[in-house]
*Asks:* 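Okay, here's the structure, questions in a sec.
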Amino acid sequence: MQRVVVFGASGSGKTTLGRWLSVQFALPFTDLDDVFWRPGWTEIPPTQFRAAVAALAVGDRWVIAGNYSKARDLLWPRADTLVWLDLPLVQVLWRTAVRATRQAWTGEPICNGNRQTVSALVKPPNSLLGYTLRKHRTRKREWPIALQTEHAHATVVRLRSAAAVAAWQKQVQPGNTPVDR
């Protein structure tokens, strides 16, 4: 396990698991949200984003957390391990709501110093909860196909519950990666 992509819905625990894997396997960690979002919640231009992700992907050792389809073609082919946090929709919606509310309440900086607001959680058209709802079904349909056809070279770990994530964390050791829980 040298090049790991952790992906899943908002609130699934990508960053948390990515940081844990980084420590466990002594791999550099990047959250793609930190690459994508500039101060003031402005998006990095697409060509700059792809160039930044490409620079990360050429490394021999890394853990990268994120779902950005505009960069998937740069990461998934280079990854030796793809960890899909496929938690139930109700759980990821709850986690997203709790996290965003906590971040708004505490004012903790995220993504290059940006701050979360409760309105971003629910305000159309780009609310966090709405985004999660819109993308959930599409990704559950598309990702298995991509993983079986385009990325059969990689070890795929599909974790479908918080308990499965915890169990996998207890079992995974450098040199040994249990798959598909």
Side-chain angles (χ1 to χ4, degrees), residues 1-38 43-44 49-50 52-89 91-100 102-103 108-114 116 128 131-132 135-136 139-140 143 146-147 151 153-181:
M1 191 179 309
Q2 298 294 307
R3 292 177 309 280
V4 184
V5 175
V6 180
F7 62 101
S10 297
S12 62
K14 297 178 299 291
T15 302
T16 301
L17 184 61
R19 286 183 179 141
W20 182 86
L21 287 166
S22 173
V23 170
Q24 181 76 8
F25 290 90
L27 300 169
F29 172 73
T30 303
D31 184 333
L32 288 181
D33 284 343
D34 291 329
V35 177
F36 186 77
W37 292 107
R38 303 288 96 208
E43 298 175 8
I44 189 173
F49 179 68
R50 285 186 57 81
V53 173
L56 292 167
V58 297
D60 290 332
R61 306 179 73 250
W62 41 259
V63 176
I64 298 175
N67 286 336
Y68 291 86
S69 60
K70 57 188 91 180
R72 186 172 72 198
D73 65 312
L74 301 170
L75 294 173
W76 286 24
R78 289 271 305 134
D80 61 34
T81 307
L82 297 164
V83 181
W84 178 7
L85 297 178
D86 186 18
L87 278 58
L89 178 60
Q91 187 172 25
V92 296
L93 289 171
W94 174 254
R95 286 178 168 192
T96 298
V98 168
R99 180 190 67 209
R102 184 195 75 241
Q103 290 169 337
E108 73 181 81
I110 56 173
C111 304
N112 295 307
N114 291 307
Q116 189 61 267
L128 290 170
Y131 176 81
T132 300
K135 291 292 187 175
H136 189 263
R139 289 177 171 163
K140 289 206 43 121
W143 284 345
L147 290 168
H151 306 290
H153 70 282
T155 298
V156 175
V157 181
R158 185 174 182 181
L159 303 168
R160 298 176 185 188
S161 68
V165 173
W168 184 72
Q169 285 178 291
K170 288 179 183 176
Q171 294 176 353
V172 71
Q173 299 292 323
N176 176 30
T177 308
V179 296
D180 223 16
R181 298 274 175 249

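As the structure is a prediction and not an experimental result, all values here were calculated from the model. When a residue number appears, it is its place in the shown sequence, counting from 1.
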*Asks:* Is there a side-chain contact between T15 and D33 (heavy atoms, below 4.5 Å)?
*Replies:*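 Sidechains of D33 and T15: no contact.
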*Asks:* Rounded at 0.5 Å granularity, tell me how far OG in S69 sits from CZ in R139.
*Replies:*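 If I round to the nearest 0.5 Å, the distance is 7.0 Å.
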*Asks:* Quick check against the 3.5 Å criterion: does S10 have a side-chain atom that pairs as donor or acceptor with the backbone of T132?
*Replies:*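 No, because the side chain of S10 does not come within donor-acceptor range (under 3.5 Å) of the backbone of T132.
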*Asks:* Would you say the side chain of V172 lies within less than 4.5 Å of the side chain of M1, judging by non-hydrogen atoms?
*Replies:*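 Side-chain contact under 4.5 Å: yes.
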*Asks:* Test side chain to side chain contact (heavy atoms under 4.5 Å, CB included) on W168 and V157 and set out the steps.
*Replies:* CA-CA 9 Å; W168 184 72; V157 181; 3.6 Å; yes
*Asks:* Where is the tightest heavy-atom contact between G8 and W84, given as atom of each residue plus distance?
*Replies:*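 Heavy atoms of G8 and W84 come nearest at CA-CD1, 4.3 Å.
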*Asks:* Return the CG to CZ distance between N112 and F36, rounded to the nearest 0.5 Å.
*Replies:*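 Separation between the atoms: 12.0 Å.
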*Asks:* Only one of V35, V53, V4, L56 clears side chain to side chain contact (heavy atoms under 4.5 Å, CB included) with I64; which?
*Replies:*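 So the option named by the test is L56.
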*Asks:* Side chain to side chain contact (heavy atoms under 4.5 Å, CB included), that's the test. Do K140 and L89 meet it? Break it down for me.
*Replies:* CA-CA 11 Å; K140 289 206 43 121; L89 178 60; over 6 Å; no
*Asks:* Kindly compute the distance separating CZ (R19) from CG (L27), expressed to the nearest 0.5 Å.
*Replies:*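 Reported value, rounded in 0.5 Å steps: 15.0 Å.
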*Asks:* Quick one: CG on L17 to CZ on F29, what's the gap to the nearest 0.5 Å?
*Replies:*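 Those atoms lie 9.0 Å apart.
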*Asks:* How far apart are the C-alpha atoms of L147 and R158, what are their side-chain angles, what is the distance that settles it, and do they pass the side chain to side chain contact (heavy atoms under 4.5 Å, CB included) test?
*Replies:* CA-CA 10 Å; L147 290 168; R158 185 174 182 181; over 6 Å; no
*Asks:* Any non-hydrogen side-chain atom of H136 less than 4.5 Å from a side-chain atom of L93?
*Replies:*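 Side-chain contact under 4.5 Å: no.
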*Asks:* So, for A162 and Q91, which heavy atoms are closest and what is the spacing to 0.1 Å?
*Replies:*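 Scanning both residues completely, I find the closest heavy atoms to be CB-NE2, 3.6 Å.
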*Asks:* To the nearest 0.5 Å, how far apart are OG in S12 and CZ in R160?
*Replies:*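 Those atoms lie 14.5 Å apart.
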*Asks:* Which word best sums up how the rings of F7 and W76 line up, parallel for under 30°, tilted for 30 to 60°, or perpendicular for over 60°?
*Replies:*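 Answer is tilted, since the angle falls between 30° and 60°.
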*Asks:* Step by step, would you call E108 with R102 a side chain to side chain contact (heavy atoms under 4.5 Å, CB included)?
*Replies:* CA-CA 9 Å; E108 73 181 81; R102 184 195 75 241; 3.5 Å; yes
*Asks:* Would you compute the distance between atom CG of N114 and atom CH2 of W37 and round it to the nearest 0.5 angstrom?
*Replies:*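 One gets 8.5 Å once the value is rounded to the nearest 0.5 Å.
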*Asks:* Closest heavy-atom contact between L82 and A154?
*Replies:*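 Heavy-atom minimum between the residues: CD1-CB, 3.8 Å.
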*Asks:* May I ask you to test the Q24-Q169 pair for a side-chain heavy-atom distance under 4.5 Å?
*Replies:*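 They are not in side-chain contact.
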*Asks:* For A57 versus L74, what's the shortest heavy-atom pair and its separation?
*Replies:*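 Looking at all heavy atoms of both residues, the closest pair is CB-O, 3.4 Å.
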*Asks:* With a 4.5 Å cut-off on side-chain heavy atoms, are W143 and D86 touching?
*Replies:*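 Sidechains of W143 and D86: no contact.
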*Asks:* Considering the options D60, D73, V5, which one meets the side chain to side chain contact (heavy atoms under 4.5 Å, CB included) requirement together with R78?
*Replies:*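 For R78, the side chain to side chain contact (heavy atoms under 4.5 Å, CB included) check succeeds only for D60.
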*Asks:* Please report the closest heavy-atom contact between S22 and P28, naming both atoms and the distance.
*Replies:*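 What the structure gives for the nearest pair is OG-C, 4.2 Å.
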*Asks:* On a heavy-atom basis, which atom in A71 and which in F49 lie closest, and how many Å separate them?
*Replies:*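 Result for this residue pair: CB-CE2, 3.7 Å.
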